[in-house]
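Data first, discussion second: the structure below is written as structure tokens.
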Amino acid sequence: MSPIEFYDTRTRSRRVFEPLEPGRVGMYSCGPTVYAPPHIGNLRSRLFSDLLKRFLLAEGLAVTHVINITDVGHLVSDADEGEDKIEAAARREGKTAEEIAEHFTQVWRDDGAAVHCLPPEHNPKATEHIPEQIELAQRLEAGGYLYRIADGLYFDTSRFPRYAELAHLDLEGQAEGARIGVVEGKRNPADFAVWKFAEPGVRRLQEWDSPWGRGFPGWHLECSAMSVRYLGERFDIHTGGIDLAPVHHTNEVAQSECGYGVHPWVNFWMHNEFLDMGSEKMSKSKGNVKTLSDLVARGIDPLAFRFFFLQAHYRQQQSFTDEAIQSAATGFRRLQGIVAELAGCDDAGDPDRQAPFRERFRDALADDLNAPRAMAVVWDVARSDTLPAADRRDLLLGFEPVLGLGLDEAKARVAAATARAEEAWEQDPRIDGLLAERQAARAAKDWATADRIRDELAADGIEIVDSPSGPRWRRKGA
Ligand code: AMP
Ligand code: ZN
């Protein structure tokens with residue numbers, strides 16, 4: 001068995017993964033800002049951390065996974081200005097911030113469940129951890145890392161020499177760039193708000209008392225404070241989309257390493273690449289699919305999206321196109337069909353014969369979570385004409401806890417899908433009767449009658465289609 005190796009953004013290298021504490025893994029993933037439904041790009045990020053967790057569990061490790069819910073403080077701009085995303089949505093919808101947050105937290109949970117993401121061990125909300133955030137800000141203040149300007153308490157990045165380390169930032173280049181001078185009084189372009197003061201005369205929906213006056217936490221503070229609360233001052237893995245590395249994660253590192261005096265705060269930084277949803281790549285006539293509900297409305301099984309996700313390595317950009325998701329849906333149906341059929345086999349498998357396949361599957365994932373290679377093993381097994389059915393069944397069901405594709409329920413799922421398809425067929429006594437007559441003629445090898453009926457139906461604009469339950473009909477062009 002090869003060792004587990006993951007790519008770590010901070011050291012820009014693949015390293016052997018060993019938990020800080022033998023047998024246990026602490027993992028933190030930046031979660032949703034709950035002001036809008038998650039889009040399928042966010043879902044890719046979620047599926048990545050879920051696959052990682054499932055693989056570590058399969059390795060026999062006890063995983064504590066924390067995903068936060070950002071329900072305050074995430075401003076429209078990364079430069080500590082602009083409105084709070086949740087406050088803006090609440091104002092727009094005429095609701096309270098809590099109602100907006102509650103609603104979209106539920107959508108996020110439902111979407112995750114629909115694609116079989118395991119629920120995290122902890123799912124803390126930023127608004128429920130304000131004291132922890134204030135406590136961390138006090139540590140930073142005591143360490144001399146913060147300074148106060150008109151709109152808030154800021155972190156002085158020049159006090160933290162490793163600031164550029166995680167994302168390999170070019171701070172001098174940045175000094176010339178866009179982040180300079182956005183907030184008046186900032187000492188360095190990269191400095192960021194740890195606590196924002198409530199603007200005088202502006203009543204925010206969410207604000208709290210603090211040693212520095214009423215206000216609300218900067219977005220980055222919650223992740224530093226909540227990860228420590230649930231995972232300790234150092235932990236194994238932090239995940240998120242690659243877009244978060246240069247600002248959000250860099251600022252998390254600055255706060256945590258300075259606040260708790262640790263280095264490296266996180267052992268492995270793992271970032272997923274983007275799901276490219278460029279509208280030019282999407283079929284315009286079919287509309288731009290953005291959320292899981294959009295997919296479901298078009299008849300795509302949420303688990304087909306999980307299957308689609310498994311086709312790309314997490315560090316590769318993946319393009320979402322209509323063609324790609326349709327072909328994933330077809331592939332997923334095919335795999336489910338194979339597993340459903342194998343479920344009927346009662347023979348005992350041979351673990352020795354299965355071992356090389358198990359090892360190839362496991363080693364693919366130990367190789368920086370190479371899901372496409374693991375899926376190639378899945379197909380080798382599913383399509384094998386040399387492996388006995390019992391071994392194919394055992395192997396595919398053995399992969400299921402990592403894949404999360406619902407293969408253990410394939411038989412029931414295929415039956416339910418067939419029943420749904422049945423219900424969708426139109427009924428008409430005359431046409432149904434003719435179809436039955438044609439079937440009888442075919443059974444009696446009376447080809448002339450069978451062909452005459454088919455032509456008669458065709459003249460009426462009816463075409464005969466094969467379905468799992470035998471021939472059915474539909475109107476041409478329907
Ligand atoms: P958000 O709810 O916007 O904070 O995003 C939650 C997670 O989704 C973060 O880890 C983001 O980096 C990630 N993310 C955002 N857009 C995409 C995308 N198009 N593809 C993959 N991940 C994304
Ligand atoms: Zn975060």
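Heads up: numbering here begins at 1 and tracks the sequence. Note that the structure is a prediction, hence the values are computed from the model and not measured. FYI, side chains are in, hydrogens and waters are out, and symmetry mates aren't considered; it's all heavy atoms of this structure.
Taken from CG in Leu153 to OH in Tyr145, the straight-line distance is 15.0 Å, to the nearest 0.5 Å. With rounding to the nearest 0.5 angstrom, the CZ atom of Arg139 is 6.0 Å from the OH atom of Tyr260. Between the NE2 atom in His39 and the CG atom in Asp294 there is a gap of 12.0 Å [rounded to 0.5 Å]. To the nearest 0.5 Å, atom CG of residue Leu396 and atom CD1 of residue Ile338 are 8.0 Å apart. Taken from OG1 in Thr105 to CD1 in Ile69, the straight-line distance is 4.5 Å, to the nearest 0.5 Å. To the nearest 0.5 angstrom, Leu43 atom CG is 6.0 Å from Leu292 atom CG.
Side chain to side chain, Asp71 and Tyr35 fail the donor-acceptor criterion of an N or O pair below 3.5 Å. Tyr147 and Asp191 form a side-chain donor-acceptor contact under 3.5 Å, judged by distance and modelled atom types alone. Between the side chains of Ser319 and Thr321, no donor-acceptor pair is found at a separation under 3.5 Å.
Of all non-hydrogen atoms in Tyr28 and Glu222, the two that sit nearest each other are OH-O, 4.4 Å. When all heavy atoms of Val107 and Pro37 are compared, the closest pair comes out as CG1-CB, 4.2 Å. Scanning all heavy atoms of the two residues, the minimum distance from Cys30 to Glu252 falls at SG-OE2, 3.4 Å. Taking every heavy atom of both residues into account, Ser29 and Asn68 meet most closely at O-OD1, 3.3 Å. What you find for Arg392 and Ala382 is that their closest heavy atoms are NH2-O, 2.6 Å. Closest approach of Arg46 to Cys117, counting heavy atoms only: CG-SG, 3.6 Å.
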(request) For side-chain contact (heavy atoms from CB on, under 4.5 Å), just list the numbers for Leu310 and Leu51, CA-CA rounded to whole Å, side-chain angles, deciding distance to a tenth of an Å, and then say yes or no. (result) CA-CA 9 Å; Leu310 289 167; Leu51 178 66; 4.1 Å; yes
(message) Show, in sequence, the C-alpha distance, side-chain angles and deciding distance for Gln255 and Phe192, and conclude whether the side-chain contact (heavy atoms from CB on, under 4.5 Å) test is met.
(response) CA-CA 10 Å; Gln255 295 168 149; Phe192 57 93; 3.4 Å; yes
(message) Pair Leu231, Met226 - check side-chain contact (heavy atoms from CB on, under 4.5 Å), show working.
(response) CA-CA 8 Å; Leu231 297 172; Met226 296 196 288; over 6 Å; no
(message) With side-chain contact (heavy atoms from CB on, under 4.5 Å) as the criterion, how do Phe155 and Asn251 come out once you've worked through the C-alpha distance, each side chain's angles and the decisive distance to 0.1 Å?
(response) CA-CA 9 Å; Phe155 187 101; Asn251 293 348; over 6 Å; no
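Annotation: side chain to side chain donor-acceptor pair (under 3.5 Å) contacts of Glu102 (sequence neighbours excluded): Lys125. Listed by chain and number, the residues in a side chain to side chain contact (heavy atoms under 4.5 Å, CB included) with Leu118 are Asp50, Lys53, Arg54, Leu57 (sequence neighbours excluded). Residues that satisfy the side chain to side chain contact (heavy atoms under 4.5 Å, CB included) test with Gln336, not counting sequence neighbours, are Phe332, Arg413, Val414. Every residue two or more places apart in sequence or in another chain that forms a ring pair (Phe, Tyr, Trp, His ring centres under 6.0 Å) with Phe17 is listed here: Phe6, Phe268. With sequence neighbours excluded, the residues that form a side chain to side chain donor-acceptor pair (under 3.5 Å) with Ser158 are Asp156. Not a single ring pair (Phe, Tyr, Trp, His ring centres under 6.0 Å) links Phe309 to another residue, sequence neighbours left out. For Arg162, the side chain to side chain donor-acceptor pair (under 3.5 Å) partners are Glu257, His263, not counting sequence neighbours. Glu21 meets the side chain to side chain contact (heavy atoms under 4.5 Å, CB included) test with Arg24; sequence neighbours excluded. For Arg229, the side chain to side chain contact (heavy atoms under 4.5 Å, CB included) partners at least two apart in sequence or on another chain are His129, Glu132. A search for side chain to side chain donor-acceptor pair (under 3.5 Å) contacts involving Glu141 returns Trp212, not counting sequence neighbours. Taking Trp265 as the reference, Phe235, His238, Trp269 meet the ring pair (Phe, Tyr, Trp, His ring centres under 6.0 Å) condition, with sequence neighbours excluded.
Side chains of Glu184 and Ile149 form no contact here, defined as non-hydrogen atoms less than 4.5 Å apart. At least one side-chain heavy atom of Pro264 sits under 4.5 Å from a side-chain heavy atom of Arg234. Met27 is not listed as a side-chain neighbour of Asp236, based on a closest heavy-atom distance of 4.5 Å or more. At a threshold of 4.5 Å between non-hydrogen side-chain atoms, the residues Arg315 and Asp368 count as touching. You'll find the side chain of Asn42 stays beyond 4.5 Å of the side chain of Pro32, heavy atoms only. The shortest side-chain heavy-atom distance between Phe48 and Met270 falls under the 4.5 Å cut-off. Using a 4.5 Å heavy-atom threshold, the side chains of Leu403 and Phe361 count as touching. Taking the side chain as every heavy atom from C-beta outward, Glu273 and Gln316 never approach each other to under 4.5 Å.
Annotation for Arg14: atom CZ counts as buried by contact number, over 12 foreign heavy atoms lying within 6.0 Å. Sparse packing is recorded around CD of Glu18, with 12 or fewer heavy atoms of other residues, nucleotides or ligands lying under 6.0 Å away. Residue Gln317 places its CD atom among more than 12 non-hydrogen atoms of other residues, nucleotides or ligands, all under 6.0 Å distant.
The closest donor-acceptor contact from the side chain of Arg306 to the backbone of Leu405 lies at 3.5 Å or more, if one exists at all. The backbone N or O of Pro351 sits nowhere less than 3.5 Å from a side-chain atom of Arg358 that would complete a donor-acceptor pair. The backbone N or O of Val253 sits nowhere less than 3.5 Å from a side-chain atom of Ser256 that would complete a donor-acceptor pair. One N or O on the side chain of Asp301 and one on the backbone of Leu303 form a donor-acceptor pair closer than 3.5 Å. With Arg393 contributing its side chain and Leu342 its backbone, the two residues share no donor-acceptor pair below 3.5 Å. No donor-acceptor pair closer than 3.5 Å links the side chain of Glu409 to the backbone N or O of Gly406. Within the 3.5 Å criterion, the main-chain N or O of Gly41 finds no donor-acceptor partner in the side chain of Ser45. Side chain of Asp367 to main chain of Asn370: no donor-acceptor pair is present (N/O by atom type, distance under 3.5 Å, no hydrogens or angles).
A salt bridge between Arg360 and Asp380 is present, with a side-chain N of the basic residue lying under 4.0 Å from a carboxylate O of the acidic one. Using a 4.0 Å cut-off between charged nitrogen and carboxylate oxygen, Arg298 and Asp322 count as a salt-bridge pair. Under a 4.0 Å N-O distance rule, the pair Arg362/Glu59 qualifies as a salt bridge.
Evaluation of the ring pair (Phe, Tyr, Trp, His ring centres under 6.0 Å) test over residues 94-125, restricted to residues two or more places apart or in two chains, returns His122-Tyr230.
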